[in-house]
Amino acid sequence: MSRSVKEITQTDGLVTMYCCGPTVYRDAHVGNLRTFLLADLIARTIALTGLEVQLIQNITDVGHMADDFQEDGAEGDKMLAESKRTNIDPFEIARRYEERFHQDLARLNVIPADLYPKASENMTEMIAAIEELIANKSAYVGSDGSVYFDAASCASYGAISGNKLDSLKPGHRYEYVDEGGKRFHADWALWKVAGGRTQMIWDSPWGPGFPGWHIECSVMSINLLQAHANVHIGGIDLRFPHHENERAQSNALTKQETVDTWVHGEHLLFEGRKMSKSAGNVVLLQDVIDRGLDPLSLRFSLLENRYRSQMDLSWASLEAAHATLRRWRTAMTEWGNGDDVKFDQEVIYALTNDLDTPRAMQRLRTVEKDSTLGALDKRAIFLFADQVLGLDLARPAIQKALPAEIAALLAERAQARADKNWPTSDLLRAQLEEAGLEISDGPTGQSWSWK
RNA sequence: GGUCGGAUGGCCGAGAGGCGAGGCAAGGGACUGCAAAUCCCUCUACACGGGUUCAAAUCCCGUUCCGACCUCCA
């Protein structure tokens, strides 16, 4: 366990990966998507080096926040709060946002995981795991009837985050609220008794209740990946406590180091600030699309920063990405056609060197300008890189048929130009641009393309 | 208070002892009836103070400022 760059492990040519997925009570914003993209980039890079990848990403459709801590106003469980607000069944909310999550991933060209297990469908397995942890003496039933994990039972607790158990004194950041039921402040709930709750609760040996926040990932990753994952991915904020606790649970269950490499993606800021409802700067992929930008310009922008550095996204950078994407696609069609792929040492070096996507992007800009390379070679190198970058670089810039009324306007404008009727010509150009065309006048007359 | 990062041109961002990455914006030019798009050209930098070295944006010491995590979160 170290916090440095190391080689990804494999077993007989197979790399198993687990990525902490969304809690489906709202839309994923572009920051969430950055983390999901990270899993895709790692999976694609590993695949490009000739290894097989198995990727699992969970869907959290069981609220896990219930009064674990109190901040002013003490939100309860997020799923239930949203359910109460909208008066819709919590499971229906979950299904709705799950669908939108998959849609966002598809629009970002994220290759789907092999499985998207749901917390709600693994209840039996979670309960069995909790029973095993109690039998192991890693967990206990607290005085309030809930089940808690005994943090001190994990000798190496803190290996991921660097947090030492005895320095984890309560109350540095929040008012500490004594939950009463647990023996030690660093312990955490595996199963919470229902209390006054009536929705989203399940029967268990400890009475009706619901699972704690961390146990679902332990259980699903162990069960679906044969008790061992080569790579486990999540956002930086999950490093502590989620992954730390998950590791303690998983290792207690499998009696081994369950995960070889923990990868954490840094946060995305938007125009200098952390995205939050209160700051009013939450940006969804749909917002990017609504601005007339290709959703892959988000992917492009994210690729221009290293995954483990904090990144500031802005409309200016998305617009720049959109423009370059268009230029590259246009260049690709000019360079030729076909699917030939040319292995490029620099691209592969950048990607396998701790996923240096900015350098891979830089390489493409260099290739684009390199006059010693032939057009077909350029295209083939771009296609090679695109296997990981996933920017649909081979997609032709023009993809829609021209509607008849637009064609008529074009003809009208060609006539106006022939007549040197500039005011009419300019008016028509404005109309055509409004309709999404881009008009250019050159020595051979008027030409157009889709914006 | 603890732990870990960071400070590079108008802006975003790589680089980690010696050749000023790149992008955006800006200015100039080509093209155009005029534009847009595109192409060509131009411009500019390493937070501060010491030190090490033939040579420091890069290494060391100190200072200032910013951020992340420290039981909601991607």
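So you know, we letter chains A, B, ... as the sequences are listed, proteins then strands, and number each from 1.
Scored by the ring-ring contact (aromatic ring centres under 6.0 Å, His included) test, A:His242 finds A:Trp213, A:His214 as partners (sequence neighbours excluded). Shown here are the ring-ring contact (aromatic ring centres under 6.0 Å, His included) partners of A:Trp328, two or more places apart in sequence or in another chain: A:Phe300, A:Phe382.
Side-chain contact check for A:Asp294 versus A:Val288: every heavy-atom pair is 4.5 Å or farther apart. For the pair A:Leu298 and A:Pro295, the minimum side-chain heavy-atom distance is 4.5 Å or more. Between A:Tyr116 and A:Asn58 the shortest side-chain heavy-atom distance does not fall below 4.5 Å. Within the 4.5 Å cutoff, no side-chain heavy atoms of A:Leu224 are placed close to those of A:Asp114.
The 12-atom threshold is exceeded at CD of A:Gln103, counting heavy atoms of other residues, nucleotides or ligands nearer than 6.0 Å. Around CG of A:Asp426, the count of heavy atoms belonging to other residues, nucleotides or ligands within 6.0 Å exceeds 12.
Applying the ring pair (Phe, Tyr, Trp, His ring centres under 6.0 Å) definition to pairs two or more places apart or across chains, those involving residues 17-40 of chain A are A:Tyr18-A:His232, A:Phe36-A:Phe101.
The separation of B:C66 from B:A47, taken at their C1' atoms, amounts to 11 Å, rounded to a whole angstrom. For the P atom pair drawn from B:G23 and B:C40, the interatomic distance equals 10 Å after rounding to whole Å. Remark: the separation of the P atoms in B:G9 and B:G49 is 16 Å, to the nearest Å. Nucleotides B:G2 and B:A56 have their P atoms positioned 35 Å apart, rounded to a whole Å. B:U42 sits 25 Å from B:U8 when the P atoms are compared, rounded to a whole Å. Separation of the P atoms belonging to B:U38 and B:A25 is 9 Å when rounded to the nearest angstrom. When the P atom is compared between B:G22 and B:C31, the two are found 27 Å apart, to the nearest whole Å. Comparing B:A37 with B:A30, their C1' atoms sit 14 Å apart, to the nearest whole Å.
Within the nucleic acid shown, A:Arg365 comes within 4.0 Å of sugar-phosphate atoms alone, with no base atom in reach, counting heavy atoms only. If you check every strand for non-hydrogen atoms under 4.0 Å, A:Arg363 touches nothing. If you check every strand for non-hydrogen atoms under 4.0 Å, A:Gly31 touches a base. Residue A:Leu268 is classed as a base contact, given a heavy-atom separation below 4.0 Å to a base.
Looking at A:His242, its side chain has no donor and acceptor atom pair within 3.5 Å of the base of B:U71.
Atom CZ of A:Phe149 and atom C1' of B:U71 are 15 Å apart (whole Å). The nearest whole Å value for the distance from the CH2 atom in A:Trp262 to the P atom in B:C69 is 19 Å. Rounded to whole Å, atom P of B:C69 lies 10 Å from atom CZ of A:Arg239. Separating the CH2 atom of A:Trp315 from the C1' atom of B:C24 is a distance of 17 Å, rounded to the nearest angstrom. With rounding to whole Å, A:Asp237 atom CG is found 13 Å from B:U71 atom P. The distance from atom CG of A:Asp27 to atom P of B:A74 is 13 Å, rounded to the nearest whole Å. The distance from atom CG of A:Leu284 to atom P of B:A74 is 13 Å, rounded to the nearest whole Å. The nearest whole Å value for the distance from the CD atom in A:Glu246 to the P atom in B:A74 is 14 Å.
The aromatic ring of A:Trp422 is stacked on the base of B:G33, with the two ring centres less than 5.5 Å apart and the planes inclined by under 30°.
Across B:A74, B:G22, B:U71, the shortest atom-to-atom separation from the side chain of A:Gln362 is found for B:G22. The side chain of A:Ser425 has B:G33 as its nearest neighbour among B:G33, B:A74, B:G23. Minimum atom distance to the side chain of A:Asn32 is reached by B:A74, of the listed B:G33, B:U71, B:A74.
A cation-pi arrangement, defined by a distance under 6.0 Å to the six-membered ring centre and an angle within 45 degrees of its axis, is absent between A:Arg34 and A:Tyr307. Geometrically, A:Arg197 engages A:Phe210 in a cation-pi contact defined by less than 6.0 Å to the ring centre and at most 45° from the axis.
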Using a 4.0 Å heavy-atom cut-off, write out nucleotides 6-15 of chain B from 5' to 3' as B (base contacted by protein), S (sugar-phosphate only) or - (no contact). -------SSS
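Centroid-to-centroid, the aromatic rings of A:Trp315 and A:Phe270 come within less than 6.0 Å.
Between A:Trp262 and A:His243, the ring-plane angle classifies as tilted under the 30° and 60° cut-offs. Using the six-membered ring where Trp is involved, A:Trp450 and A:Trp448 have ring planes that are perpendicular, over 60° apart on the 30 and 60° scheme.
Residues A:Ala316 and A:Asn245 both approach RNA chain B. Their nearest nucleotides, taken by heavy-atom distance, put A:Ala316 toward the 5′ side. For the pair A:Glu368 and A:Trp188, both in contact range of RNA chain B, the more 5′-proximal nearest nucleotide belongs to A:Glu368.
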Treat a base pair as Watson-Crick or G-U wobble with both distances under 3.5 Å, then lay out RNA chain B in dot-bracket form, 5' to 3', with | for cross-strand pairs. (((((((..(((.....[...))).(((((.......)))))....(((((..]....))))))))))))....
With 3.5 Å as the limit, what N/O pairs link the protein to nucleotides 34-38 of chain B?
from  : atom 1 : to       : atom 2 : distance (Å)
B:C34 : O2     : A:Arg429 : NH2    : 3.1
B:C34 : N3     : A:Arg429 : NH1    : 2.9
B:C34 : N3     : A:Arg429 : NH2    : 3.1
B:C34 : N4     : A:Arg429 : NH1    : 3.0
B:C34 : N4     : A:Asp441 : OD2    : 2.6
B:A35 : N6     : A:Asp441 : N      : 2.6
B:A35 : N1     : A:Ile439 : O      : 3.0
B:A35 : N3     : A:Arg429 : NH1    : 3.0
B:A36 : N3     : A:Ile439 : O      : 3.3
B:A37 : O2'    : A:Glu438 : OE2    : 3.3

